[in-house]
Amino acid sequence: MELPRRSCGDELLKPGELADIRLRLRKLAAKNDLTTVIACAFDHSTRMLPFIVADTRMIPAGVRAVGSSMLDAGFAKTRIVLQQWNRNFRPSQMRLDGKIPDIFMISSMQLHDAQCRAMIQDACRIDPDKRPLIIVGGPKVIYEPWDVFGTDPQNPWTADVAVTGEDYILLNMLEVLLETRATGESMRDVFIRARDAGMLADIPGLVYARGTQLAAEELIDTGIQRLVGDLDELPDPVLGYSIVEAPSKKAILDSRAIPADKIHHHSMLASLVLTLGCKFKCPYCPIPAYNQRQFRAKSGERIAWEFERLYQEYHIKFFFGADDNFFNDEKRTLDITEALARKIDAGSRPHSKIRWATEATVHDVVKMKEHLPIIRKAGLWGLWLGVEDMSGALVKKGQSADQTLEAFKMLRNNGILPIPMMMHHDSQPLYSFKGNAGLLNQVGMLRKAGAIYTQILMLTPSPGSKLFVETYTSGLAYKSVDGITVTPQIVDGNHVVASRAKSPWKKQFNLLAAYIYFYNPIRFLISLVFSKSNIPFASAETRPSAKGANAKRPTTLSRRISRKLRAHLSDAAIQLFGMWGLMYTVRRTFMWELHLMKGDIERHTEVPASKIPMKSPDGGPAAHALPGTPASKNTSNQPENDVVVQSSCD
Ligand code: B12
Ligand code: SF4
């Protein structure tokens, strides 16, 4: 079941509204000396192909966005802590500026849920009168906010509020709280007072509990958020990087954040929001509904400015666009890439040096073929493509074998590396003797067509997608295997956790076999001679053109040779990297393979809905509730969601 959509025409914040909130909050911040900590939940047992390295060497954009917003609003005493780098961090021991923070925030994906809960539980060990206000946000609570509220009075722990959308909702809430805060009052006390007086009910995008302080008895869901329409209104992303805690083994926080000139040692890649939204409607994907079918983008000039700022402040050269489908709309793609290309033509050093990658669909690549030269000029170096299953047996979105191979050829001819994202599923065989339906057939074709890296995941239930509820109610999703409960950290696409296959261990084996087929010593040796990474512009000079300030130095022969070698050997280096990542993958998934092989499978019959009753502030159905959620008195949580999804705007 997808997230409901707001009524037609009311999906976006009014132009200028976010800028106004930021201004108003700055005035309040000046009178409130708050300290705040934002933690990113991360479970290290989830580290494996194809995300290994990107998962820890790229400071996530979510916590950075929250940090940037807090700094921009005037809350300078803010720190970002990543469990990726600070495994031993204990919220109960954190001090910032010598005191327990006023607000403790957590950002979590679904698969890091256990770490998220553990941090909330640990924060709840702080004396109740000193305990910070606990706020949770990010992709986990966007779809399943109830999981951060405790229900057992014997084991009291709970977040105070879940933000089920973008970070400006937090600013909205802080404004309400600070306007009513008495001198010296704790943020948690003011939150409880405001909540109980109904002052938060008009802020869409919050879920909070009612009940005793020890356990949630009922959840109030203020509804589906409005989205920030003009992404140029977002705060400067440079701010978030200035408050990141350095990697450490300590439970406590350091007295200062990572200095600016050291950031790129820890985070060699920067993810950046460029555009949001996708016009396709793949039934296993929550993205179009989350975006309420809106397509949003930053302007080209703004993106050029952000790249430049991040390069100059932190020496970051490699970027990953947090796009759902960068080529979704031709006009906006050209606005962005032409603006970047103009900077390069003008000899701007940062823009000439940077390289970036992002995601798009095969269909849109083919549509954009005549523009690929300018897109490459803008610095686009790699494109992750949703190839899924080229036979179209899973989903049809213009990614037939012919289209995919055509898109690969066009991209490579224009100097852009295509990276296929494949989705294995029950009806796909490992190998087919006729046609190209088999997983290995497709992996082989894509490699031949020039893929130097790949992503192969198993189709897995994704909260907020059209198929989500049915996957559980139909018994496709596993509850336990061989007595081992399926917990969120293995609902990652790397483990088979939903399948009708008679021998699901074979599906698990197929994933490994496909990776081994792609990354192996023989291919490594071949790639040393016949490199797939040596494409046009791969060894091109990145120093600015003659107009650039630092362009005087001529390109020496040794520099030319080193660039050519790098372009040629990248393929072999990625093969080595893939084999190394494969060791992690085998180690993490092998036991699961054995459990699938020998044990009984218990299947879900119900979707994992909230056990806590939910309702809207006026007593109506809760927008985020799944079927089966207990309704509060006089409330039915069942029908309305589907009605709203079919809005007349669709
Ligand atoms: C980049 C990315 C990655 C990178 C992350 C690298 C990194 N360290 O940043 C990599 C490639 C490693 C990755 C891997 C995976 N990813 Co990923 N990824 C994305 C992607 C495309 C962009 C994330 C991003 O930067 N967004 C931009 C930021 C600004 O948005 P945001 O994080 O949502 O934060 C906003 C709000 O949520 C909110 N917010 C966030 N935190 C908080 C906290 C508080 C207190 C508050 C108030 C607000 C708040 O404010 C922010 C600004 O508005 C998203 C899709 C998307 N477009 O968001 C998927 C996404 C996050 N990934 C997803 C998944 C499932 C995965 C994988 C499991 C693989 C898979 N099966 O698809 C793996 C997990 C790997 C691991 N071990 O962690 C899902 C998560 C679903 C869920 N319910 O948790 C997403 C949402 C895609 C989807 N299916 O919808 N991913
Ligand atoms: S094309 Fe990608 S982002 Fe768009 S709906 Fe399909 S899976 Fe989701």
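Numbering of ligands and ligand atoms starts at 1, following listing order. The structure displayed is predicted, hence computed values, not measured ones.
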Note: R24-E175 ion pair, threshold 4.0 Å (strictly below):
yes

Tell me whether Y143 has any N or O atom under 3.5 angstrom from an N or O of ligand 1.
no

Output for pair (Y143 OH, L626 CG), nearest 0.5 Å, gives 12.0 Å

Note: heavy atom closest to atom 44 (C) of ligand 1, options G321, A162, G137, P237, belongs to G137

Query raised in the report: Any protein heavy atom under 4.0 Å from atom 85 (C) of ligand 1?
Result: no

Closest to atom 8 (Fe) of ligand 2 among protein heavy atoms sits C285 SG, 2.3 Å

**Prompt:** ligand 1 and E359, any nitrogen or oxygen pair closer than 3.5 angstrom?
**Reply:** no

Would you say atom 35 (C) of ligand 1 makes contact with the protein, given that contact here means a non-hydrogen protein atom less than 4.0 Å away? no

With only distance considered, is L457 within less than 3.5 Å of ligand 1 through an N or O on each side?
no

Going by the 4.0 angstrom heavy-atom rule, the piece of T460 near ligand 1 is neither

**Asked** Any nitrogen or oxygen of Q84, main chain or side chain, under 3.5 Å from a nitrogen or oxygen of ligand 1?
**Response** no

#### Entry: is_close_aromatic(H264, Y314), centroid dist under 6.0 Å
no

If you compare V141, T164, L234, D324 by their heavy atoms, the one closest to atom 55 (C) of ligand 1 turns out to be D324

> If you measure only the distance, is there a donor-acceptor pair under 3.5 Å linking the side chains of K507 and H424?
Replying inline: yes

### Task
Would you please classify the geometry between the F42 ring and the H44 ring as parallel, tilted or perpendicular, with 30° and 60° separating the classes?
perpendicular

Checklist entry - Any N/O of H112 closer than 3.5 Å to an N/O of ligand 1? => result yes

Answer with yes or no after comparing the ring centroid distance for F320 and W384 against a 6.0 Å cut-off, counting only values under it.
yes

Note: ligand 2 atoms sitting under 4.0 Å from heavy atoms of P288 are 5 (S)

If you scan protein heavy atoms around atom 2 (Fe) of ligand 2, the nearest is K397 NZ, 3.8 Å

(message) Salt bridge or not between E330 and K279? Use side-chain N to carboxylate O under 4.0 Å.
(response) no

Out of G277, C282, S462, the nearest non-hydrogen contact to atom 5 (S) of ligand 2 is supplied by C282

If we number the atoms of ligand 1 from 1 as shown, the ones under 4.0 Å from a heavy atom of Q110 are 82 (C), 83 (N), 84 (O)

**Request:** Tell me, please: is T361 in heavy-atom contact with ligand 2, that is, under 4.0 Å?
**Result:** yes

Here the atoms of ligand 1 under 4.0 Å from any heavy atom belonging to V163 are 47 (C)

Only residue of T56, D55, I59, D43 satisfying side chain to side chain contact (heavy atoms under 4.5 Å, CB included) with Q84 is T56

- State whether D232 and K298 are salt-bridged, where the test is any N-O pair (Lys NZ or Arg NE/NH1/NH2 against Asp/Glu carboxylate O) under 4.0 Å. no

Is E388 salt-bridged to K397, going by a charged N under 4.0 Å from an acidic O?
yes

Point to revise | R79 bridged to E245 by N-O distance under 4.0 Å | key: yes

Exercise for review: Show your working on side chain to side chain donor-acceptor pair (under 3.5 Å) between Y584 and R47 and close with a plain yes or no.
Suggested key: CA-CA 7 Å; Y584 272 80; R47 300 203 62 211; 4.7 Å; no

So for ligand 1, is M58 a polar contact partner (N or O within less than 3.5 Å, distance only)? yes

Counting heavy atoms under 4.0 Å, the part of I106 that contacts ligand 1 is backbone

Rounding to 0.5 Å, atoms CE (M109) and CD (Q489) come to a distance of 14.0 Å

Is D492 close to ligand 1, meaning an N/O of one under 3.5 Å from an N/O of the other?
yes

Are N325 and D364 close enough that a side-chain donor and a side-chain acceptor fall under 3.5 Å?
yes

Any atom of ligand 2 sitting under 4.0 Å from a heavy atom of G386? no

* Based purely on interatomic distance, does T46 place a nitrogen or oxygen under 3.5 Å from a nitrogen or oxygen of ligand 1? -> yes

Counting heavy atoms under 4.0 Å, the part of V395 that contacts ligand 2 is neither

Requested in this report: Decide whether the shortest distance between a heavy atom of Y168 and an atom of ligand 1 is less than 4.0 Å.
Outcome: no

- Query: Is D160 paired with R188 through a side-chain N to carboxylate O contact shorter than 4.0 Å?
  - Reply: yes

Atom 4 (Fe) of ligand 2 sits nearest the protein heavy atom C278 SG, 2.3 Å

Closest to atom 66 (C) of ligand 1 by heavy-atom distance, out of M105, M109, M48, is M109

